[in-house]
Amino acid sequence: MPVHNEDIARIFDQIADLLEIEGANPFRIRAYRNASRTLRELGQDVRLLREAGEDLTRLPGIGKDLAAKIAEIIETGRCRALEKLQKRLPPDLSELLRIPGLGPKRVHALYHDLDIHTLEQLERAARDGRIRELPGFGAKTEARILETLAAHADSSRRFKLAVAAQYAEPLLAYLRALPGVEQAEVAGSYRRAKETVGDLDILAIAEDGEAVTRAFTEYDEVENVLSQGPTRATVLLRSGLQVDLRVVPAESYGAALYYFTGSRAHNIAVRRLAQKRGLKFNEYGAWRGRRRVAGDTEPSMFRAIGLPFIPPELRENRGEIEAARAGLLPKLVELGDLRGDLHCHSRASDGHASIRQMAEAARDHGFEYLAITEHSKRLTVARGLDSRRLLQQIEAIDELNEKLGGITLLKGIEVDILEDGSLDMPDAVLARLDLVIGAVHSKFDLSRAKQTRRILRAMDNPYFTLLAHPSGRLIERRAPYDVDMNRVIHHARQRGCYLELNAHPERLDLLDTHCQMAREEGVLVSINSDAHSVQDFDNLRFGVGQARRGWLEKKDVLNTRSLAQLRRLLKKVRG
DNA sequence: GCCGTTTTCGGCCCGACTGTTTTCAGTCG
């Protein structure tokens with residue numbers, strides 16, 4: 001079975017967990033965690049890189065030793081270093097680390113003193129009152145363990161960005177309305193527009209932190225207060241979403257916003273850079289000795305280390321710091337750059353509004369054009385259109401375009417890519433459309449080779465314009481199908497067609513790393529809502545967030561073009 | 001275990017809160 005990046009990343013995580021419990025050098029542990037992260041974010045199979053003769057030590061955080069371990073895992077499927085560790089410590093110990101309040105030291109104590117290495121043993125010992133007897137543990141810790149175990153099922157749950165927004169926005173409004181609160185903002189992965197967030201990190205300016213954290217813990221939706229002090233508090237909302245609040249004085253707001261926006265990897269790298277320049281960065285400011293030289297705004301922090309402002313979406317330590325130093329940061333695309341939307345549905349298939357209503361809603365968003373792209377007949381659950389119904393719709397849209405003012409409708413289809421790579425609509429009908437979006441809606445489990453061939457073949461259809469939701473994943477629900485995205489993107493370049501970044505909150509597909517690949521290949525990406533109702537155009541902001549995480553600029557995005565420019569680009573696809 | 005525009009050796013980000021302490025270790029972000 002071929003080894004994928006995720007398999008290797010998991011092995012490195014396990015090694016890191018076990019080393020940590022053993023009390024190994026913390027920097028050695030971090031090295032394994034960094035390498036695991038590098039692999040997860042690589043965007044292409046390290047196995048293929050290696051086969052292509054690439055030097056793996058050129059990857060960030062991978063040195064001679066870890067490159068050799070990667071090679072060993074790819075070749076043998078095993079890792080002797082992990083097996084050796086597992087002889088000394090039971091592998092399931094790392095499960096215990098997932099329990100909040102249990103870190104490596106305590107897990108080690110539980111194992112060493114009570115021979116506990118499974119969650120079941122942990123629960124039994126807690127019930128028997130044996131845990132409170134251990135040095136460094138107490139009755140409260142024991143109770144918290146039991147509480148967590150009881151609710152363990154959803155403790156590791158992450159929230160989709162759009163769902164988190166539904167909780168974040170009213171909470172933010174509540175905090176901003178509190179007396180003494182000058183400003184409040186969500187930082188963390190939410191501000192970086194990650195696809196999912198594990199918790200919300202909120203930052204507020206106020207003189208009296210105590211009063212604000214108290215009011216925060218009294219917010220209507222708070223189920224449980226996990227910690228509370230004069231400058232920070234952590235609560236669990238009824239929805240299961242954890243929220244951290246930090247309160248800082250105005251002069252530290254920028255420093256705190258920067259610090260709590262993260263990512264952790266970005267912070268570590270920037271702090272190291274600051275240190276080299278004789279500065280100390282913390283959440284209260286940038287310091288030279290005991291003198292604060294910056295901190296009231298985020299840009300002041302960047303100025304202090306001589307870097308241009310790095311937008312939150314780029315802060316992952318994936319090359320943005322080097323790019324900033326070299327003056328090569330992208331000027332990221334913004335929501336206001338979009339001139340239209342190339343993917344939506346009406347009542348004719350599985351949408352909820354008429355074509356006219358969709359057009360008017362798009363016009364209200366300031367769009368110049370909107371493509372109507374119903375499903376094709378293969379997708380019967382969505383009342384997909386056959387040739388006859390599509391031809392009728394083409395006529396209807398032509399008529400509507402005569403009457404509508406301020407927006408132009410484009411005629412399109414989201415046509416199913418069948419198992420053999422053919423399209424679910426005759427070419428003669430496709431020829432009459434402005435654009436053809438190809439989409440995989442079935443046979444997700446084909447082998448990598450077959451799935452890739454299927455998509456490449458579909459792209460070769462002379463009318464094929466745009467590949468919809470290229471990975472097919474549904475966030476937290478369905479993994480991407482196995483496809484060689486490198487080849488797909490390369491083929492799109494050769495064929496001269498485009499890729500979609502589907503902005504639906506469940507999809508956010510193209511993935512950020514693939515956006516970067518598309519940009520490097522020079523393949524334009526269309527940020528589409530896939531709207532099924534008039535409200536769905538609002539989702540475009542999440543798509544733009546994803547595009548920004550993928551380093552896309554206005555020029556990299558197809559639907560930032562004017563209608564006239566777009567028409568030229570659509571025509572070009574057909575040669 | 002990685003890394004180097006001061007280093008191939010000696011560094012590796014920094015502070016708040018909790019619980020168990022009697023001055024602080026462990027955990028977390």
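Reckoned from all heavy atoms, side chains included, excluding hydrogens, waters and symmetry mates. Naming convention: chains lettered A, B, ... in sequence-line order (proteins, then strands); numbering from 1 in each chain. Note that the structure is predicted; figures quoted are calculated from it, not measured.
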Student: Does the pair A/E320/A/R315 count as a salt bridge with the N-to-O cut at 4.0 Å?
Tutor: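 Between A/R315 and A/E320 there is no salt bridge, as every charged N stays at least 4.0 Å from the carboxylate O atoms.
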
Student: Given that both distances must come in under 3.5 Å, which nucleotide forms a Watson-Crick or G-U wobble pair with B/dT8?
Tutor: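 Per the H-bond distance test, none.
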
Student: Under 6.0 Å between the ring centres of A/Y258 and A/F302?
Tutor: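 Yes, they do, as the ring centres are separated by less than 6.0 Å.
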
Student: For DNA chain B, what residues of residues 268-275 of chain A have any heavy atom nearer than 4.0 Å?
Tutor: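 Going residue by residue through residues 268-275 of chain A, the ones with a heavy atom under 4.0 Å of DNA chain B turn out to be A/I268, A/R271, A/R272, A/Q275.
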
Student: Base of B/dT6 relative to its sugar, syn (within 90° of 0) or anti?
Tutor: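 Because its glycosidic torsion lies more than 90° from 0, B/dT6 adopts the anti conformation.
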
Student: Pair up each side-chain donor or acceptor in residues 105-114 of chain A with any protein partner under 3.5 Å, not counting sequence neighbours, and list the distances.
Tutor:
residue	atom	partner	partner atom	Å
A/R106	NH1	A/G101	O	3.0
A/R106	NH2	A/G136	O	3.3

Student: I'd like the C1' distance from B/dA25 over to B/dT20, given in whole Å.
Tutor: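 9 Å, rounded to whole Å.
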
Student: Remember a base hit wins even if backbone is also touched, and classify A/Q242 as base, sugar-phosphate or nothing at under 4.0 Å, heavy atoms.
Tutor: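 It contacts sugar-phosphate atoms only.
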
Student: By the side-chain hydrogen bond (donor to acceptor under 3.5 Å, both in side chains) test, which pairs, at least two apart or in different chains, include something from residues 9-29 of chain A?
Tutor: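 Residue pairs with at least one partner in residues 9-29 of chain A: A/E6-A/R10, A/D13-A/S36, A/D13-A/R40, A/Q14-A/Q86, A/Q14-A/S94, A/D17-A/R33, A/D17-A/R98, A/E20-A/R33, A/E22-A/R88.
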
Student: Charged N to carboxylate O below 4.0 Å: is that the case for A/E72 and A/R80?
Tutor: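 Salt bridge between A/E72 and A/R80, a charged N being under 4.0 Å from a carboxylate O: yes.
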
Student: Taking the same atom, C1', in B/dC28 and in B/dT22, what whole-Å distance lies between them?
Tutor: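 The same atom, C1', in both gives a distance of 24 Å.
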
Student: Closest nucleotide of DNA chain B for A/Y259 versus for A/K69: which of these residues is on the 5' side?
Tutor: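 Upstream on the strand: A/K69.
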
Student: Can a cation-pi geometry be assigned to A/R238 and A/Y219, taking NZ or CZ under 6.0 Å from the six-membered ring centre and within 45° of the ring axis?
Tutor: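 No.
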
Student: Contact class for A/P230 vs. all strands (heavy atom < 4.0 Å): base, sugar-phosphate, or nothing?
Tutor: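 Here A/P230 touches the backbone only, sparing every base.
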
Student: First and last nucleotide of DNA chain B in contact with chain A, 5' to 3', at under 4.0 Å to a heavy atom: what are they?
Tutor: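 Taking any atom under 4.0 Å from a heavy atom of chain A, the span is B/dG1 to B/dG29.
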
Student: Using the rule given for salt bridge (charged side-chain N to carboxylate O under 4.0 Å, His left out), can you reason through A/R127 versus A/E142, listing the C-alpha separation, both sets of side-chain angles and the distance that settles it, and then say yes or no?
Tutor: CA-CA 8 Å; A/R127 284 195 197 291; A/E142 192 177 77; over 6 Å; no

Student: With sugar-phosphate meaning primed atoms plus P, OP1 and OP2, does A/A139 contact a base, only sugar-phosphate, or nothing at under 4.0 Å between heavy atoms?
Tutor: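 Counting heavy atoms under 4.0 Å across all strands, the contact made by A/A139 is with sugar-phosphate only.
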
Student: Answer with base, sugar-phosphate or nothing: what part of the nucleic acid does A/R246 contact at a heavy-atom distance below 4.0 Å?
Tutor: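 A/R246: backbone/sugar contact only, no base atoms under 4.0 Å.
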
Student: B/dG10 and B/dG19: how far apart are their P atoms, nearest whole angstrom?
Tutor: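 About 42 Å, rounded to a whole number of Å.
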
Student: May I ask you to say what A/I29 touches in the nucleic acid, namely base, sugar-phosphate or nothing, with a heavy-atom cut-off under 4.0 Å?
Tutor: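 Nothing: the residue A/I29, judged by heavy atoms under 4.0 Å, touches no strand.
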
Student: For A/V107 and for A/K276, locate the closest nucleotide of DNA chain B by heavy-atom distance; then report the residue assigned to the nucleotide nearer the 5' terminus.
Tutor: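 By nearest-heavy-atom nucleotide position, the 5'-most residue is A/K276.
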
Student: Using a 4.0 Å heavy-atom cut-off across all strands, classify A/N25 as base, sugar-phosphate, or nothing.
Tutor: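 Here A/N25 touches the bases of the nucleic acid.
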
Student: Quick one: ring-ring contact (aromatic ring centres under 6.0 Å, His included) partners of A/Y32, sequence neighbours excluded?
Tutor: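 A/F12.
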
Student: For residues 190-202 of chain A, pull every pair meeting side-chain hydrogen bond (donor to acceptor under 3.5 Å, both in side chains), keeping only residues two or more places apart or in separate chains.
Tutor: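 Of all non-adjacent pairs touching residues 190-202 of chain A, those that pass side-chain hydrogen bond (donor to acceptor under 3.5 Å, both in side chains) are A/R158-A/T196, A/R191-A/T261, A/R191-A/E298, A/R192-A/E316, A/E195-A/R473, A/E195-A/Q546.
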
Student: Please classify the nucleic acid contact of A/R106 as base, sugar-phosphate, or nothing, using heavy-atom distances under 4.0 Å.
Tutor: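 Touches sugar-phosphate only.
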
Student: What is the nucleic acid contact for A/N282, judged by heavy atoms within less than 4.0 Å: base, sugar-phosphate only, or nothing?
Tutor: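 Counting heavy atoms under 4.0 Å across all strands, the contact made by A/N282 is with sugar-phosphate only.
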
